[in-house]
Amino acid sequence: MKNAFRIAILAAAIGLSAPALASLAYVSNEKDNTLSVIDTETNEVVDTIEVGARPRGILLSKDYTKLYICASDDDTVQVLDLATRKIVDTLPSGEDPEQFALHPNNRHLFIANEDDAIVTVVDVETKDVLAQIDVGVEPEGMAVSPDGKWAVNTSETSSMLHWINTATFEIEKNTVVGQRPRHVEFSKDSKIAWASAEIGGTVHIFDVDKIEEIKQIDFQIKGVPRDRVQPVGIELTSDGRYAFVALGPSNHVAVVDARTYEVLDYLLVGARVWQLDLDKDENFLYTTNGVSSDVSVIDVEELKVIKSIKVGRFPWGVVIDPTS
């Protein structure tokens, strides 16, 4: 990437158009205790970073200078400086942090603590614990709406979504969904929330203003037993065209029309697809495949898998830095 920056500067100096710089994708490998760094232009691993024990959830700060890492077996959230690719700090997290979400204010981090049945809220600047909110049994998924009004936690054993008011840190409503909800994703305008139910095999779609379910999506893949179709990660395109749903041990990603909620296609990827993220131009979708220890790259326009990238053992989360 340093060479790419030098080329861009030289091109600007002599009046030529600078080549586009690729984004970097960060992948958490929960069995290796590492992050794999992928150059999205070449789709090659360009670095491996050692981190804490059993890294799972990862997310970027709103200014794209830091990467937060749930080191689940170390009971901490680590802070990676993206400029140096070094761990520079840790945050209190409660026990067994798995997923988390950062408020648009870039300070309040909402962390799901599976073992304690709580959501911990931490100020990432002061490292103060602002709240610990009792939720259902085995909280896992965590999302904050883009407008900052709602934090939603999923409790696996209780099969519930917990709607937390981010101003008061109080639960406003609990909604029942399918068995073992794992992930929540908000639309860019904060009006719609998508929640996956892993064992239920369903995705539940909510009107956020009313906090009411408006649609349930079921998945059926020819030749795949229904109990292997387990929705986990969800990614939405910013134009509202597609929703992509990782279907776990079915080894497929569902393509859903985000307006009509119709399932359009199923794309075969690696084994036990877990999480996914779009590149900065939303031309390509990257999926983490835990059992095959690789990342699949999907061409969004063609809806076609174009490459598999070997990473560390049991890749779990993936995020792409649009500024790198």
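Nothing fancy with the numbering, it's 1 onward along the sequence.
- Put simply, the side chain of T287 never gets that close to the backbone of V273: no donor and acceptor are under 3.5 Å apart.
- Rounding to the nearest 0.5 Å places CG of D279 at 5.5 Å from CD1 of I320.
- Atom CG in D32 sits 10.5 Å away from atom CZ in F314 (nearest 0.5 Å).
- Annotation: ring-ring contact (aromatic ring centres under 6.0 Å, His included) contacts of F206 (sequence neighbours excluded): W163.
- Between L59 and Y68, some side-chain heavy-atom pair lies under the 4.5 Å cut-off.
- Within the 3.5 Å criterion, the main-chain N or O of V229 finds no donor-acceptor partner in the side chain of S250.
- Between W316 and E30, the shortest heavy-atom contact is CD1-OE2, 3.3 Å.
- No chain of hydrophobic side-chain contacts below 4.5 Å, direct or via other Ile, Leu, Val, Met, Phe, Trp or Tyr residues, connects L236 to V300.
- Annotation: K62, atom NZ; neighbour count of heavy atoms from other residues, nucleotides and ligands within 6.0 Å is above 12.
- Using a cutoff of 4.0 Å between basic side-chain nitrogens and carboxylate oxygens, E114 and R182 are not scored as salt-bridged.
- A donor atom on one side chain and an acceptor atom on the other are found under 3.5 Å apart for T157 and E138.
- For Y242, the ring-ring contact (aromatic ring centres under 6.0 Å, His included) partners two or more places apart in sequence, or in a different chain, are F244.
- Of the possible polar contacts, none joining the S155 side chain to the V135 backbone as a donor-acceptor pair under 3.5 Å is found.
- Considering every non-hydrogen atom in both I58 and L35, the closest pair reads CG2-CD2, 4.3 Å.
- Residues G52 and N33 approach most closely at O-CB, 3.4 Å, considering heavy atoms.
- Transitive grouping of hydrophobic side chains (ILVMFWY, heavy atoms separated by less than 4.5 Å) brings V121 and M142 into a common cluster.
- Remark: the backbone N or O of A197 is not paired with any side-chain donor or acceptor of H204 at under 3.5 angstrom.
- The heavy-atom pair separating V232 from H183 by the smallest distance is O-CB, 3.2 Å.
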Derivation and outcome, side-chain hydrogen bond (donor to acceptor under 3.5 Å, both in side chains), residues S61 and D63:
CA-CA 5 Å; S61 61; D63 57 7; 2.6 Å; yes
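- Between the H103 side chain and the G148 main chain, a donor and an acceptor come within less than 3.5 Å of each other.
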Step by step, work out the side chain to side chain contact (heavy atoms under 4.5 Å, CB included) result for E44 and D39.
CA-CA 6 Å; E44 301 289 343; D39 183 322; 5.6 Å; no
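- Using modelled atom types, no side-chain atom of N113 and backbone atom of D116 make a donor-acceptor pair closer than 3.5 Å.
- In the displayed structure, R228 atom CZ is contacted under 6.0 Å by at most 12 heavy atoms of other residues, nucleotides or ligands.
- The minimum heavy-atom distance between V124 and L102, with the atom names listed, is CG1-CD1, 4.4 Å.
- Across all non-hydrogen atoms, the minimal contact from V208 to A193 is CG2-N, 3.7 Å.
- Between the side chains of T237 and D239, a donor-acceptor pair is found at a separation under 3.5 Å.
- The closest side-chain heavy-atom distance from V184 to W194 is not below 4.5 Å.
- Here the straight-line distance linking atom CD of Q78 with atom OG1 of T90 works out to 7.5 Å at 0.5 Å rounding.
- With hydrogens and angles left out, the side-chain atoms of T120 and Q132 include a donor and acceptor closer than 3.5 Å.
- For the atom pair CD1 of I171 and CG of L161, the computed distance is 11.0 Å after rounding to the nearest 0.5 Å.
- Under the 4.5 Å side-chain contact rule for hydrophobic residues, I133 and L130 share a cluster.
- Using a 4.5 Å heavy-atom cutoff, the side chains of V51 and I87 are in contact.
- Judged by distance alone, the side chain of T202 and the main-chain N or O of I217 form no donor-acceptor pair under 3.5 Å.
- Within the 4.5 Å cutoff, the side chain of V27 has no heavy atoms near those of the Y286 side chain.
- Other residues, nucleotides and ligands place more than 12 heavy atoms under 6.0 Å from the NZ atom of K188.
- At a threshold of 4.5 Å between non-hydrogen side-chain atoms, the residues T166 and N105 do not count as touching.
- Salt bridge K86/D81: absent, no basic N to carboxylate O contact under 4.0 Å.
- Two residues are said to be in side-chain contact when any heavy atoms from C-beta on lie closer than 4.5 Å; I38 and V311 meet this criterion.
- Put simply, V176 and I199 are part of two different groups of oily side chains (I, L, V, M, F, W, Y) that touch within less than 4.5 Å, one to the next.
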Could you walk me through whether T126 and D128 pass the side-chain hydrogen bond (donor to acceptor under 3.5 Å, both in side chains) check?
CA-CA 5 Å; T126 65; D128 292 331; 3.1 Å; yes
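- Looking only at distances, a side-chain donor or acceptor of S28 sits under 3.5 Å from a matching main-chain atom of G317.
- Shown here is K310, whose NZ atom has more than 12 heavy atoms of other residues, nucleotides or ligands within 6.0 Å.
- In the hydrophobic clustering of ILVMFWY residues, with side-chain heavy atoms under 4.5 Å counting as a link, V88 and L24 come out apart.
- Taking the charged nitrogens against the carboxylate oxygens, D89 and K66 have no contact shorter than 4.0 Å, which rules out a salt bridge.
- Note: L67 CG to I49 CD1 = 8.0 Å, rounded to the nearest 0.5 Å.
- E95 places a side-chain heavy atom less than 4.5 Å from the side chain of D75.
- A donor-acceptor pair under 3.5 Å is absent between the side-chain atoms of N29 and the main chain of K31, judged by distance alone.
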Give the intermediate values and the outcome of side chain to side chain contact (heavy atoms under 4.5 Å, CB included) for residues H108 and F169.
CA-CA 11 Å; H108 295 171; F169 303 140; 4.2 Å; yes
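- Crowding of K215 atom NZ: a count of heavy atoms from other residues, nucleotides or ligands under 6.0 Å not exceeding 12.
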Applying side chain to side chain contact (heavy atoms under 4.5 Å, CB included) to R56 and W274, what does each step give before you reach the verdict?
CA-CA 11 Å; R56 303 196 86 191; W274 212 244; 4.2 Å; yes
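- Within the 4.5 Å cutoff, side-chain heavy atoms of R226 are placed close to those of D218.
- Checking side-chain atoms of N251 against main-chain N and O of R272 turns up a donor-acceptor pair under 3.5 Å.
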Step-by-step side chain to side chain contact (heavy atoms under 4.5 Å, CB included) determination, V122 to V77
CA-CA 10 Å; V122 175; V77 169; over 6 Å; no
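- Atom CG of D207 is separated from atom CD of E212 by 7.0 Å, given to the nearest 0.5 angstrom.
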